[in-house]
Amino acid sequence: MFRTHYCGEISLKNLETEVTLAGWVHRRRDHGGLTFIDLRDREGIVQVVFNPQLSPGVHQQAHALRAEYVIQIKGKVARRPEETENKTIPTGEVEVLAQELRILNRSKTPPFLIEDDEDISEGLRLQYRYLDLRRSGVQRIFILRHRLSQSIRHFLNQNRFLELETPFLTKSTPEGARDFLVPSRLNPGHFYALPQSPQLFKQILMVSGFDRYYQVVRCFRDEDLRADRQPEFTQIDLEMSFIDIEDILSIMEKMTKAVFSEICNIQFPNPFPRMTYAEAVSRFGTDRPDTRFGLELKDLSGLAERCDFKVFRTVVSKGGSVKGLNAKGLAGLSRKEIETLTNEAIQRGAKGLAWMKVTADALEAPITKFFSVAQQDEIKTILKGEPGDLLLFVADKTQVVHDVLSTLRLSLGKRLNLIDEKIFEPLWVTDFPLLEYDEAEKRYIAIHHPFTGPMDEDLALLESDPMQVRAKAYDLVINGVELGGGSIRIHREEVQSKIFALLGIKKEEAAEKFGFLLEALQYGAPPHGGMAFGFDRMVALLSGADSIREVIPFPKTQKGICLMTDAPSDVDARQLKELRIKKERRV
RNA sequence: GGGGUCGUAGUUCAGUUGGUUAGAACGCCGGCCUGUCACGCCGGAGGUCGCGAGUUCGACUCUCGUCGGCCCCGCCA
């Protein structure tokens, strides 16, 4: 037997017993006489003592030990002498008196210390990810990740969901993102696509009658990376038959509550608050608001129309909006600091940022002269301005106003310390529009995806006023993070065809791309719907990581490179020949 | 495709208007040390300043290019 215990689990219960441990040398403290080794495995650290009087040969051997050597120790567990306990570690009351030492493997000096509080550049961490992953804080994240997926699986199993697999080598799903393509050797010139999500297959599983499906599944999208976006990521994907929105929200809410409570002892309100898309956008400027703090957006378009400030008036007359938010207590900002805010606004698409400072008896700013006293009072009332506040305004197309102010709201929320990091606030966002209009391509596109069902009461609008049609779609947002989203799908072929027509997808195109789904829908497809959670984002949220790279064992850099393996890499000419692929000459 | 930011011992960083031999801490190597736990003390090794070109008598420092990490826009749920 290689070992009898994990290092981190040795305790007073094991006193006087002989144990065998195996692990890595975390640290060596060689006093010439006594030598101490901190021995580490995934469960923690225990101190091993080499005493020349107890076992001279072993003590001599211990001299050769270095950081990250892999060793096996046989010894007796002893209570540490009075005054030498280490209260800062769980095993600090005991130590192991070494009787035998076997060096299982030596180690080169690692490029960085295997230590939690070591501040190492991310590039180096990813190049030596196996060493980075040895750090206990990093390991805790992945243990959390494991427990979370187990907890979710447990809940879904209890609720009679079936875990079923769908193919990775498949056909491109029409969800907008670029596909990763895989050439087919047996069918030269033809390509599989890696799935962006199992969307179509899970719907087909519903047609097959599996009724409740889930999968913890890798998804692939060949788009640019961000802190919260990787080319491959994990989704908790699920689908149910014979349900309506309320059913699915209710069971997903139960799951979220059960899992967050079990894994992190986070308790959620019952039921979760809800907000329509329209309300979220109007109050926060985004469909995934962080509701942990205020600084809500207020509409001043009505007033702007009447004032003498040309910038405001013109924007409104052209159909745009003027909205503002109250940066509480920031009237003291210098011109330069306001300029920084302005630049932030401009970067996000605004043409400028208007501001006013609230003083004891007036509003102060270069632009206040364009507003009558009554109008100034109105502004103060709408934005609840009190002396010491800074009022910020953006005038532009409504979408730009929302983009800019929601960004500003978040950065001000952080700056003003309005966000309590210990709080978790869930929110259902509902009543999404079904479609948006793509100005560049001059056509409608599906906001969620083209299989999302329209609200029954809006069906008539599909022909008269498509933009007003709401979808049976919903998102779960926690602390401004979009954790998951889903919809009730279209289960009748006539409706699906109508939607395709609206989206400008021709019959032949639809048949070629996902004819199999349209066909399946004609063979008794039950009403169904589902949801998908961004599992990596969920782990990041629960572990406080600010990037999902922290919660993925082997993530890729922003350029999509794996620094450890150097993928993607060149391939043999022979491989390409077999696939009948020719490379263009490098430019 | 675009904007921003960073790149100096193994690591994290400092480096004065462009000036002689590029520093610190930790780590590493050697020695001493029987109760340390970020052990201590003494000594030592370790650098193509990301790479390339340019300006200059002289470049870690200035300019241009390039490569790479990160953040963001576009893109993508």
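Chain letters run A, B, ... following the sequence lines, proteins first, then strands; residues in each count from 1. Heavy-atom basis, side chains included; hydrogens, waters and symmetry copies ignored.
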Is the distance between the ring centroids of A:F451 and A:F514 less than 6.0 Å? yes
What is the nucleic acid contact for A:D119, judged by heavy atoms within less than 4.0 Å: base, sugar-phosphate only, or nothing? sugar-phosphate
Just the rounded figure in Å: distance from P of B:C70 to CD1 of A:I548. 12 Å
Between the side-chain atoms of A:R226 and the base atoms of B:G74, is any donor-acceptor pair under 3.5 Å? yes
Would you please determine if the base of B:U36 is stacked by A:H31, with stacking meaning a centroid separation under 5.5 angstrom and planes under 30 degrees? no
Taking atom C1' in both B:U8 and B:G47, what distance in whole Å separates the two? 8 Å
Any donor-acceptor N/O pair, A:N479 side chain to A:V481 backbone, under 3.5 Å: no
For A:F112 and B:A9, give me the distance from atom CZ to atom P, rounded to whole Å. 16 Å
When rounded to whole Å, the CG to C1' distance for the pair A:D38 and B:G35 reads 13 Å
With stacking defined as ring centroids separated by under 5.5 Å and planes differing by under 30°, is A:F36 stacked against B:U36? yes
Name the pairing partner of B:C64, where a pair is Watson-Crick or G-U wobble with both distances under 3.5 Å, or state none. B:G52
Shortest side-chain distance from A:P81, nucleotide among B:G35, B:C26, B:A77: B:G35
Measure from CG on A:D228 to C1' on B:C71 and round the result to the nearest Å. 12 Å
Under-4.0 Å salt bridge between A:E239 and A:R489: yes
Base paired to B:C75 (Watson-Crick or G-U; both N/O distances under 3.5 angstrom): none
As a test of reading the structure: which of B:G30, B:A77, B:C70 is closest to the side chain of A:R221, going by heavy atoms? B:A77
Only pairs with both distances under 3.5 Å count, Watson-Crick or wobble alike; so what is the partner of B:U17 in this structure? none
Across the strands shown, which category fits A:E85 at heavy-atom distances under 4.0 angstrom: base, sugar-phosphate, nothing? base
Output the rounded distance in Å from CD (A:Q53) to C1' (B:U34). 8 Å
Is any side-chain N or O of A:E95 under 3.5 Å from a base N or O of B:G35, one able to act as donor and the other as acceptor? yes
Touch class at under 4.0 angstrom, heavy-atom based, for A:R549 against every strand present: sugar-phosphate
Counting only Watson-Crick pairs (N1-N3 plus N6-O4 or O6-N4) and G-U wobbles (N1-O2, O6-N3), all under 3.5 Å, who is the partner of B:A24? B:U12
Assert yes or no for the condition that the ring centre distance of A:F36 to A:F50 is strictly below 6.0 Å. no
Under a 3.5 Å limit for both distances, which nucleotide forms a Watson-Crick or G-U wobble pair with B:G47, could you say? none
Looking at the base of B:C39, is there any donor atom on it, or on the side chain of A:R28, that sits under 3.5 Å from an acceptor on the other one? no
Closest nucleotide among B:C73, B:U11, B:A77 to the A:A177 side chain: B:A77
Heavy-atom side-chain proximity of A:H63 to A:R28 below 4.5 angstrom: yes
Students often get this wrong, so: under 4.0 angstrom with heavy atoms, is A:T84 touching a base, only sugar-phosphate, or nothing? base
Interatomic distance, A:K559 NZ vs B:U66 P [rounded to whole Å]: 12 Å
Given the structure, check if the side chain of A:R27 and the base of B:C37 hold any donor-acceptor pair shorter than 3.5 Å. no
So does A:R229 reach the base of B:C75 with its side chain, donor to acceptor, closer than 3.5 Å? yes
Whole-Å gap separating C1' (B:U12) and CD (A:E118): 8 Å
Could you tell me how far apart A:I236 (CD1) and B:A77 (P) are, to the nearest whole angstrom? 19 Å
B:U5 pairs with which nucleotide, Watson-Crick or G-U wobble, both distances below 3.5 Å? B:G69
